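What follows is one structure encoded as structure tokens, with my remarks underneath.
None of these values were measured; they are calculated from a predicted model.
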Amino acid sequence: FNPFAVTAIATRTTVSVTSPAAGDVTLTDGEPLTIAAFVDGSLPDVAGPNRVRLRVRHSPAATDYDDLPMDSGSSNREFQLKVPPGVVQSGFWYRVAGGDATTPEYRVTVRTRPLAKTVEARYEYPAYTRIPPDVGPDWNLEAIRGTVVTLTVGTNRTVRSGWLQVAGGPRVGGEVVGDARDSLRFKLPLDKDGTYRVGFTSADGEPSDPTPEHRITVRPDQKPRPEIVTPADDSTKLPANGLLAVDGTVTDDFGVATVT
């Protein structure tokens, strides 16, 4: 017998976190969180100062915890608490305490919802227009009919798959691109006015909300407009072997190649 031996001090109560199963958990912003615990051994007084409670701090440097009483679950040894959004905030550290026992500290991490954040629209105009390709950051698309727009959509997540849908049409899949696989690429021929939306599923299976509807405005290619300048009159008299001198102009929104 060694009266000076170092031994662990036994507690009358033991507490373990049962949900989240691993203790640590990552949530999506707005996702509800319930923390549950199981109490073994001596049950603390449910109204006493050492009742089963969730102890929360929002910084690992904080020395004080905020205590939130936990409610009895399906048995008198199970306790739970639906954590209020005002406590969840952008994440926190927590323990569950009861009687003379306290669990290890765990962390709740909060991430933003899957979100399509940016867009790059590359316009490739019909060859006959001789207009060079153009790039812009606007979700709303506008160009002459026959233009093909390549949309590169940046997100805040690693992407598994994505879709683009023109109103009234089917969803069309996109190509996952980028070194971090956090972007999607779509090709969209412009042939009529309308709207479109984009959505995606993150690599861990979480779907984004669709983007707001964005406009598609298609401008028609106007026909060439010929105009006779001389003769100015609609009717002109000439001798049988006379020659009529005609002068005129032809205009077009993209230029004129030949006139016959």
Side-chain angles (χ1 to χ4, degrees), residues 26-32 85 90 110-227 248-260:
T26 298
L27 305 175
T28 299
D29 186 22
E31 183 180 351
S90 58
V110 178
R111 61 186 177 187
T112 57
R113 297 185 65 80
L115 179 68
K117 297 172 59 178
T118 61
V119 69
E120 178 188 89
R122 177 181 172 84
Y123 291 81
E124 296 181 63
Y125 302 97
Y128 72 85
T129 66
R130 298 191 295 275
I131 301 176
D134 189 19
V135 176
D138 196 344
W139 286 92
N140 295 314
L141 309 178
E142 182 176 359
I144 185 175
R145 180 175 286 108
T147 299
V148 176
V149 179
T150 300
L151 292 173
T152 303
V153 177
T155 78
N156 64 344
R157 294 287 188 88
T158 303
V159 176
R160 176 189 297 174
S161 62
W163 54 267
L164 180 149
Q165 184 176 30
V166 175
R171 289 186 174 184
V172 177
E175 176 190 5
V176 179
V177 296
D179 293 340
R181 296 185 61 78
D182 59 354
S183 299
L184 287 158
R185 185 169 293 154
F186 305 93
K187 282 192 177 294
L188 179 60
L190 302 189
D191 56 5
K192 63 180 179 179
D193 292 349
T195 60
Y196 74 97
R197 307 177 86 174
V198 171
F200 70 95
T201 299
S202 66
D204 53 7
E206 189 173 5
S208 72
D209 292 329
T211 64
E213 289 190 336
H214 302 294
R215 295 190 310 274
I216 300 172
T217 304
V218 177
R219 300 193 307 268
D221 179 11
Q222 302 295 334
K223 294 180 179 179
R225 296 177 296 279
E227 180 181 0
T249 61
V250 179
T251 58
D252 184 77
D253 40 3
F254 295 108
V256 178
T258 61
V259 177
T260 58

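The nearest pair of heavy atoms linking Pro207 to Pro114 is O-CG, 4.0 Å. Summarising the geometry of Thr147 relative to Pro126, their closest heavy-atom pair is OG1-CD, 3.6 Å, with the distance given to 0.1 Å. Residues Pro189 and Lys187 come closest through the heavy atom pair CD-O, 3.9 Å. Contact record, Phe186 with Val153: CE1-CG2, 4.2 Å, taken as the closest heavy-atom pair. Summarising the geometry of Pro32 relative to Leu27, their closest heavy-atom pair is O-CD2, 4.4 Å, with the distance given to 0.1 Å.
Looking at Asn140, its side chain does come within 3.5 Å of a backbone N or O of Arg215 through a donor-acceptor pair. With Arg122 contributing its side chain and Val135 its backbone, the two residues share no donor-acceptor pair below 3.5 Å. The closest donor-acceptor contact from the side chain of Thr211 to the backbone of Val198 lies under 3.5 Å. No donor-acceptor pair closer than 3.5 Å links the side chain of Thr195 to the backbone N or O of Glu213. Counting only distance, with no hydrogens or angles, the side chain of Asn156 and the backbone of Arg113 share a donor-acceptor pair below 3.5 Å.
Between the side chains of Asp193 and Thr217, no donor-acceptor pair of N or O atoms lies under 3.5 Å.
Residues Thr152 and Val119 fail the side-chain proximity criterion, which asks for heavy atoms closer than 4.5 Å. Looking only at side-chain heavy atoms (C-beta outward), Asp134 and Tyr125 come within less than 4.5 Å of each other.
Taking CZ from Arg197 and CG from Asp209, the interatomic distance works out to 9.0 Å, rounded to the nearest 0.5 Å. Interatomic distance, Arg181 CZ to Ser202 OG, rounded to the nearest 0.5 Å: 12.5 Å. To the nearest 0.5 Å, atom CG of residue Leu184 and atom CD of residue Glu175 are 9.0 Å apart. Annotation: the span from Thr155 atom OG1 to Leu115 atom CG amounts to 8.5 Å, rounded to 0.5 Å.
Judged as a side chain to side chain contact (heavy atoms under 4.5 Å, CB included), and not counting sequence neighbours, the contacts of Arg111 are Thr26, Thr28, Arg157, Asp204, Glu206.
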Derivation of the side-chain contact (heavy atoms from CB on, under 4.5 Å) call for Thr150 and Tyr123: CA-CA 7 Å; Thr150 300; Tyr123 291 81; over 6 Å; no
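Legend: ring pair (Phe, Tyr, Trp, His ring centres under 6.0 Å) pairs involving residues 129-182, not counting sequence neighbours, sorted by first then second residue: Trp139-His214.
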